[in-house]
Amino acid sequence: MYLGTQLPARHDDDYRVMAQLGVKNVSANPDGGWRTWNREALERFREKVEGFGLTLDMLQLPMHSAPVDTQSCKDILLAGPDREAQLDGICRLIENCGAAGIPSVRYNFNYIGIPRTPMEPGRGGYMAEAFRWDLVDQNEPGPAGVLDEETIWERVDYFLARVVQVAEAANVRLACHPHDPATPPGYKGVTRVLGSVEGMKRFVQTRESPVHGLNFCIGTLGEMLEDVSEAAEVTRWFGARGKLMNIHFRNIVGKRYSFRESFPDDGDMDMPSIIDVLRETGYKYMVMPDHAPTLAGDNQQQVAFAYCYGYIAALLQTRS
């Protein structure tokens, strides 16, 4: 396993800084609309990234963590009139990634986005995202209306039935992010089927394949646990079955339905033990920061991510 990042480069110097900080593998997307990302465009982008001494390890499919009504591929999730055309486009993009030498893609199957309550202070006064169930409007309607759980699972299965076989043929790994955060069933009209350990297990066993797995977010895992000390053993279940395709390495203070985000060394989960489990189960892909707290001063996000890179790199170097 190795250090990676998905932090978008604002300009070429950001790629140079990544390499200078020891980040060699990235998840990044070329400029322009996703339907223009043919094989040639992806090859040009991969070659540009390689010019900075980096490896283009992963691409984000146009299925994001935003609320479904704002997404370009919303008909895949809503079973709308353009579902087949959008699925065709996703399949072509996966094929183009394989042909262009990009070995993996990440995506979300997300209806309501990433609900949060007001930010809260952490160590030294940094500000971090939080979610407190008692502070939300528990009857707030959502962008997808009301969907029962099995309808959502049917749509998950329909999607996987199309893309998994394409990814197998293209030798491209599929990494789906769990639902962040876990919420009680019916919140904003949906049940977050990837917001529980059992849901994630059902997901990776649906249309089972060696290329079908998770963009496994340790922070999101903590957000769905009543006892966050269970995080390492849950990680072991998925790692032992080869279902971890990327690791988002972040921590939280709190537990299910009530938490704030934190730096990896400043939360309630034992992050070194997660690295131990990943090593023991043979995990061999990127470990990257995901969200990071907001710092004081200038260049806040880049400084916060640089801290996370160093923490991850030290764990990868010293844990045995």
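Numbering starts at 1 and runs along the sequence shown. A quick note: this is a predicted structure, and the numbers were derived from the prediction, not measured.
- By the side chain to side chain donor-acceptor pair (under 3.5 Å) test, Asp14 is found to be paired with Arg10, residues two or more places apart in sequence or in another chain being considered.
- Ionic pairing of Asp180 and Arg192 is not present here: no N-O contact between side-chain nitrogen and carboxylate oxygen is shorter than 4.0 angstrom.
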Practice item. Go through the steps to decide whether Phe203 and Trp153 satisfy the test ring pair (Phe, Tyr, Trp, His ring centres under 6.0 Å), and finish with yes or no. Key: CA-CA 9 Å; Phe203 178 79; Trp153 278 117; 7.0 Å; no
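- Between Leu59 and Ile102, the shortest heavy-atom contact is N-CG2, 4.2 Å.
- Looking at Thr183 and Val136, their side chains never come closer than 4.5 Å, going by heavy atoms from C-beta outward.
- Salt-bridge annotation for Arg162 and Glu84: present, with a side-chain N of the basic residue lying under 4.0 Å from a carboxylate O of the acidic one.
- Between Glu233 and Arg236 a salt bridge is recorded (basic side-chain N to carboxylate O distance below 4.0 Å).
- Here Phe259 contributes atom CZ and Glu129 contributes atom CD; the two are 9.0 Å apart, rounded to the nearest 0.5 Å.
- The closest side-chain donor-acceptor pair between His64 and Gln71, if any, does not fall under 3.5 angstrom.
- Taking the ring centre of Tyr285 as origin, the terminal cationic atom of Arg173 falls inside the region bounded by 6.0 Å and 45° from the ring axis.
- Judged purely by distance below 3.5 Å, without hydrogens or angles, the side chains of Ser209 and Glu168 pair a donor atom with an acceptor atom.
- Residues Tyr257 and Phe131 keep their aromatic ring centres 6.0 Å or farther apart.
- Donor-acceptor pairing under 3.5 Å is lacking for the side chains of Glu40 and Asn96.
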Please report the C-alpha distance between Met245 and Ser104 in whole Å, then the side-chain angles of each, then the deciding distance to 0.1 Å, and finally whether the side-chain contact (heavy atoms from CB on, under 4.5 Å) criterion is met. CA-CA 8 Å; Met245 306 302 179; Ser104 57; 5.9 Å; no
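- Under the 4.0 Å criterion applied to side-chain N and carboxylate O atoms, Glu198 and Lys201 are assigned as salt-bridge partners.
- Between Val49 and the choices Leu54, Thr55, Asp57, the side chain to side chain contact (heavy atoms under 4.5 Å, CB included) rule is met once, by Leu54.
- Ion pairing between Glu223 and Lys255 fails under the 4.0 Å rule for side-chain N and carboxylate O.
- Separation of atoms CG (Asp266) and CE (Met271) is listed at 11.5 Å; rounding is to 0.5 Å.
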Practice task
Walk me through it: do Thr294 and Met119 pass the test side-chain contact (heavy atoms from CB on, under 4.5 Å)?
Solution key: CA-CA 10 Å; Thr294 299; Met119 296 180 76; 3.7 Å; yes
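- Hydrophobic clustering (side-chain heavy atoms under 4.5 Å, transitive across Ile, Leu, Val, Met, Phe, Trp, Tyr) keeps Val211 apart from Val204.
- Counting only N and O atoms by type, the side chains of Ser27 and Arg106 include a donor and acceptor under 3.5 Å apart.
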* Asked: Run the side-chain contact (heavy atoms from CB on, under 4.5 Å) check on Val287 and Leu315 step by step: do they pass?
  -> CA-CA 11 Å; Val287 181; Leu315 287 183; over 6 Å; no
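- For the pair Arg202 and Glu150, the salt-bridge criterion is met [side-chain N within less than 4.0 Å of a carboxylate O].
- Considering CZ of Phe216 and CD1 of Ile218, their distance stands at 5.0 Å, rounded to 0.5 Å.
- Between Glu261 and Arg250 the shortest side-chain heavy-atom distance falls below 4.5 Å.
- In this structure, Asp227 places its CG atom where more than 12 heavy-atom neighbours from other residues, nucleotides or ligands lie under 6.0 Å away.
- Leu316 and Val277 sit in two unconnected hydrophobic clusters of ILVMFWY residues. Membership requires side-chain heavy atoms under 4.5 Å apart, directly or through other members.
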Test salt bridge (charged side-chain N to carboxylate O under 4.0 Å, His left out) applied to Asp268 and Arg260, step by step:
CA-CA 10 Å; Asp268 289 341; Arg260 71 159 171 84; over 6 Å; no
* Yes or no on side-chain contact (heavy atoms from CB on, under 4.5 Å) for Arg207 and Asp157, after CA distance, side-chain angles and deciding distance? -> CA-CA 7 Å; Arg207 307 290 174 171; Asp157 181 70; 2.8 Å; yes
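- Here the closest heavy-atom approach between residue Ala100 and residue Leu42 is recorded as CB-CB, 3.7 Å.
- Aromatic pair Phe159/Tyr107: centroids less than 6.0 angstrom apart.
- Across Ala182 and Gly195, no two heavy atoms sit closer than the pair CB-O, 3.2 Å.
- Between His248 and His291, the ring center distance fails the sub-6.0 Å criterion.
- Aromatic rings of Phe45 and Trp37 (six-membered ring for Trp) have centroids beyond the 6.0 Å cut-off, not under it.
- With a 4.5 Å cut-off on side-chain heavy atoms, Glu95 and Val166 count as touching.
- Glu149 places none of its side-chain heavy atoms less than 4.5 Å from the side chain of Pro185.
- Residues Phe249 and Cys217 have side chains not in contact (no heavy-atom distance under 4.5 Å, counting atoms from C-beta outward).
- Connectivity analysis of hydrophobic side chains (ILVMFWY, heavy atoms under 4.5 Å, direct or indirect) links Phe263 to Tyr126, Leu295, Val303, Tyr307.
- The distance from the CG atom of Asn246 to the CE atom of Met288 is 4.0 Å, given to the nearest 0.5 Å.
- Atom CD1 of Ile274 is separated from atom CD1 of Ile247 by 8.5 Å, given to the nearest 0.5 angstrom.
- Not a single donor-acceptor pair under 3.5 Å links the side chain of Asp82 to the backbone N or O of Asp75.
- When every heavy atom of Arg116 is checked against every heavy atom of Pro181, the shortest pair comes out as NH1-CD, 3.5 Å.
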- Query: Passes side chain to side chain donor-acceptor pair (under 3.5 Å), Asp148 versus Thr151? Steps please.
  - Reply: CA-CA 6 Å; Asp148 66 81; Thr151 294; 2.8 Å; yes
Item to complete: Carefully, step by step, assess Glu43 and Lys48 under the rule salt bridge (charged side-chain N to carboxylate O under 4.0 Å, His left out).
Response: CA-CA 9 Å; Glu43 286 177 338; Lys48 174 183 176 177; over 6 Å; no
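- Ring centers of Phe109 and His177: at least 6.0 Å apart, outside the cut-off.
- Minimum interatomic distance between Gly4 and Pro289 (heavy atoms only, all atoms of both residues): O-CD, 3.5 Å.
- The neighbour count for Asp137 CG, taken as heavy atoms of other residues, nucleotides or ligands under 6.0 Å away, is above 12.
- Side-chain contact between Leu21 and Phe305 is absent, with no heavy atoms from C-beta onward closer than 4.5 Å.
- In this structure the side chain of Met63 reaches within 4.5 angstrom of the side chain of Ile76, judged on heavy atoms.
- Summarising the geometry of Val253 relative to Gly267, their closest heavy-atom pair is CG2-CA, 3.8 Å, with the distance given to 0.1 Å.
- When only modelled atom types and interatomic distance are considered, Arg132 and Thr117 share no side-chain donor-acceptor pair under 3.5 Å.
- Heavy-atom contacts from other residues, nucleotides or ligands closer than 6.0 Å to CG of Asn171 number 12 or fewer.
- Atom CG of Asn25 sits about 10.5 Å away from atom OG1 of Thr5, to the nearest 0.5 Å.
- Surrounding NZ of Lys74 are at most 12 heavy atoms belonging to other residues, nucleotides or ligands under 6.0 Å away.
- A heavy-atom distance below 4.5 Å is found between the side chains of Met200 and Met224.
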